[in-house]
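Since the structure is predicted, the reported quantities are computational estimates derived from the model, not experimental observations.
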Amino acid sequence: MSLLLDIDHVGKTFLQGGLLSRRSIEAVKDISLQIEVERPEILSVVGESGSGKSTLAAMVLGQQLPTRGRVLFDGVDVASIRSRADRCAFMAKVQPVLQNPFEAFNPLKRVDRYLFATAANFMTANGKPTRQEIEARVDRVLVEVGLTLAEVRGRFPHELSGGQLQRTAIARALIPEPRLLVADEPVSMVDASLRMSIVNLFGALRDRLGLSIIYITHDLATAYYISDRIIIMRKGEVVERGDARTVLDNPQHPYSIALKNAVLTPDFA
Ligand SMILES: Nc1ncnc2c1ncn2[C@@H]1O[C@H](COP(=O)(O)OP(=O)(O)OP(=O)(O)O)[C@@H](O)[C@H]1O
């Protein structure tokens, strides 16, 4: 068994305040978690605000370094990646999907420019790509997310719906052919009626492209529907983990039970 991601006894402590009022916050405490190369999956991370979900995501993305333990991607300690070239290679393989797609794009810039620029940056394996090759790659990733280049070409962010813009952001993340997406609350800013379609897209990307996705959410309904595995976090710790349906159908930890009881959807009634 080879591991795509190996989160090995990871912890993160932040120091806050000035000299006289310094206090430390253990945002993440000793979490271990693995994703296998051979088994692409959607792993949901749920928990109340402040439970450490985003800090865990930031460590997987290499944006924060753990204060304890290690995050290994494809066997390499993310903290050891230093050179610009290694950093770019890592970022190609582990791509973030942000909460608010409107923050991912400058409102004054046409969205296709981002896609073309990203493709030009990453399609360098066989020398400088031609315009046609770039457009073909951009069209391919847009089709992968249910759009086409013709629909997106020349549009500014405000000329697309929130759902279309989030799909475009996901398409952009697919350009470097990543193996892991880290999606932090990716549907919370999307219209409720479109949430399921984005979540379904994650399932399709897992199945078609063999992508693994870490799906951070407050939304137990979509997590129940799409995840293979789930971890429930509270105060920096994993209080429950396992197969998503098993955990959510029959939660064992009092916090997981409370979390489920707080969701008034027919799925969980
Ligand atoms: N850069 C930072 N400096 C200091 N404290 C931080 C920093 N980032 C996060 N924290 C603290 O770490 C704890 C966990 O925060 P984190 O954002 O990871 O939680 P979360 O579960 O993602 O919350 P939310 O769902 O609201 O995004 C919180 O107490 C937060 O205030």
Exercise. When clusters are formed by joining ILVMFWY residues with side-chain heavy atoms under 4.5 Å apart, either directly or through shared neighbours, do V238 and Y255 land in the same one?
Worked result: no
Problem set entry | From R234, E240, R241, residue fulfilling side-chain hydrogen bond (donor to acceptor under 3.5 Å, both in side chains) relative to S256 | E240
Problem set entry | Residues T55, I31; criterion side-chain contact (heavy atoms from CB on, under 4.5 Å); working and verdict | CA-CA 12 Å; T55 304; I31 290 188; over 6 Å; no
Seminar exercise, completed: All heavy atoms of Y114 vs all of A104, minimum pair found to be CE2-O, 4.1 Å
For this session: Check whether any side-chain N or O of K260 sits under 3.5 Å from a backbone N or O of L248 as a donor-acceptor pair, and report yes or no.
Result: yes
Exercise. So, do L211 and P178 sit near enough that their side-chain heavy atoms are less than 4.5 Å apart?
Worked result: yes
Exercise. Side chains of L115 and L149: does their closest heavy-atom pair fall under 4.5 Å?
Worked result: no
Problem set entry | Same apolar cluster (I L V M F W Y, side chains within < 4.5 Å links), L160/L147 | yes
Exercise. Is the number of heavy atoms from other residues, nucleotides or ligands under 6.0 Å of E38 CD greater than 12?
Worked result: yes
Problem set entry | Single-linkage hydrophobic cluster, 4.5 Å side-chain cutoff, L181 and V199 together | yes
Problem set entry | Flag, side chain of R137 to backbone of I175, donor-acceptor distance under 3.5 Å | yes
For this session: Report, as yes or no, whether the 6.0 Å neighbourhood of atom CZ on R245 holds more than 12 heavy atoms from other residues, nucleotides or ligands.
Result: yes
Exercise. Between the main-chain N or O of N200 and the side-chain N or O of Y225, is there a donor-acceptor pair closer than 3.5 Å?
Worked result: no
Problem set entry | Side-chain (T67) to main-chain (T13) donor-acceptor, under 3.5 angstrom | yes
Exercise. Is there a path from L98 to I170 through hydrophobic residues (I, L, V, M, F, W, Y) whose side chains come within less than 4.5 Å of each other?
Worked result: no
Problem set entry | Heavy-atom side-chain proximity of L5 to L33 below 4.5 angstrom | no
Exercise. Are D6 and Q34 close enough, and set up right, to give a side-chain hydrogen bond (donor to acceptor under 3.5 Å, both in side chains), and what steps lead you there?
Worked result: CA-CA 5 Å; D6 184 6; Q34 287 80 30; 2.8 Å; yes
Seminar exercise, completed: Taken to the nearest 0.5 Å, the spacing of S227 OG from L43 CG works out to 8.0 Å
Exercise. So, for I198 and G163, which heavy atoms are closest and what is the spacing to 0.1 Å?
Worked result: CD1-O, 3.9 Å
Exercise. Of all heavy-atom pairs between P101 and G162, which one has the smallest distance, and what is that distance?
Worked result: CG-O, 3.8 Å
Exercise. Hey, is the main chain of L180 close enough, under 3.5 Å, to the side chain of K93 for a donor-acceptor pair?
Worked result: no
Problem set entry | Under 3.5 Å: donor-acceptor pair, side chain of R208, backbone of E144 | yes
Problem set entry | Cluster link I35 to L3, ILVMFWY, side chain under 4.5 Å | no
Exercise. Are I81 and F73 side-chain neighbours, meaning at least one heavy-atom pair lies under 4.5 Å?
Worked result: no
Problem set entry | Flag for Y224-D249: side-chain donor and acceptor within less than 3.5 Å | yes
Exercise. Does K53 use its side chain to pair, donor to acceptor, with the backbone of D184 at less than 3.5 Å?
Worked result: no
Problem set entry | Modelled atom types, side-chain donor and acceptor of T222 and Y215, under 3.5 Å | yes
For this session: Any chance you could lay out the side-chain contact (heavy atoms from CB on, under 4.5 Å) test for D112 and V138, step after step, and finish with the verdict?
Result: CA-CA 8 Å; D112 54 359; V138 168; 6.0 Å; no
For this session: Kindly compute the distance separating CG (L4) from CG (L72), expressed to the nearest 0.5 Å.
Result: 11.0 Å
Exercise. NZ of K29: more than 12 outside heavy atoms within 6.0 angstrom?
Worked result: yes
Exercise. Once you round to the nearest 0.5 Å, how far does CD1 of I257 lie from CG of N261?
Worked result: 7.5 Å
For this session: Hey, could you give me the OG/CG distance between S161 and D191, rounded to the nearest 0.5 Å?
Result: 8.5 Å
Seminar exercise, completed: When rounded to the nearest 0.5 Å, the distance separating NZ of K12 from CD of Q64 is 4.5 Å
For this session: Give a yes or no on whether the backbone of H9 and the side-chain of S32 come within a donor-acceptor separation of less than 3.5 Å.
Result: yes
For this session: May I have the step-by-step check of side-chain contact (heavy atoms from CB on, under 4.5 Å) for T168 and F105, ending in yes or no?
Result: CA-CA 10 Å; T168 306; F105 298 98; 4.1 Å; yes
Exercise. Between R206 and I226, which heavy-atom pair has the shortest distance, and what is it?
Worked result: NH1-O, 3.7 Å
Problem set entry | Atom pair CZ (R113) and CZ (R155), whose distance is rounded to the nearest 0.5 Å | 14.5 Å
Exercise. Yes or no on side-chain contact (heavy atoms from CB on, under 4.5 Å) for S54 and E185, after CA distance, side-chain angles and deciding distance?
Worked result: CA-CA 9 Å; S54 297; E185 302 278 3; over 6 Å; no
Problem set entry | Lys NZ or Arg CZ of R131 over F116 ring: under 6.0 Å, within 45° | yes
Problem set entry | Validation row: I213, V97 side chains within 4.5 angstrom (heavy atoms) | no
Problem set entry | Exercise: identify the closest heavy-atom pair between R167 and S197 | NH2-OG, 3.1 Å
For this session: With salt bridge (Lys or Arg N to Asp or Glu O under 4.0 Å) as the test, would you mind laying out the steps for R229 and E36 before giving the verdict?
Result: CA-CA 12 Å; R229 275 193 302 159; E36 293 174 25; over 6 Å; no
Exercise. Can you tell if the side chain of H218 reaches within under 4.5 Å of the side chain of S188, non-hydrogen atoms only?
Worked result: no
Exercise. Applying the side chain to side chain contact (heavy atoms under 4.5 Å, CB included) test to L142, which of L174, V152, T148 qualifies?
Worked result: V152
Exercise. Angle class for the H158/F156 ring planes (parallel below 30°, perpendicular above 60°, tilted otherwise)?
Worked result: parallel
Problem set entry | Short side-chain donor-acceptor distance under 3.5 Å, E48 and S51 | no
For this session: Sort and list the pairs that fulfil side-chain hydrogen bond (donor to acceptor under 3.5 Å, both in side chains) and have at least one residue in residues 69-86, not counting sequence neighbours.
Result: D74-R179, S83-D86
Exercise. Judged by atom type as modelled, is there a donor-acceptor pair below 3.5 Å linking the side chain of Q95 to the main-chain atoms of M91?
Worked result: yes
Problem set entry | Min side-chain heavy-atom separation P157-V111 under 4.5 Å | yes
Exercise. Is there a side-chain contact between V78 and V94 (heavy atoms, below 4.5 Å)?
Worked result: no
Problem set entry | Smallest separation among heavy atoms of S24 and L15, with atom names | CB-CD2, 3.5 Å
Exercise. So, E41 side chain and D228 main chain: donor-acceptor pair closer than 3.5 Å or not?
Worked result: no
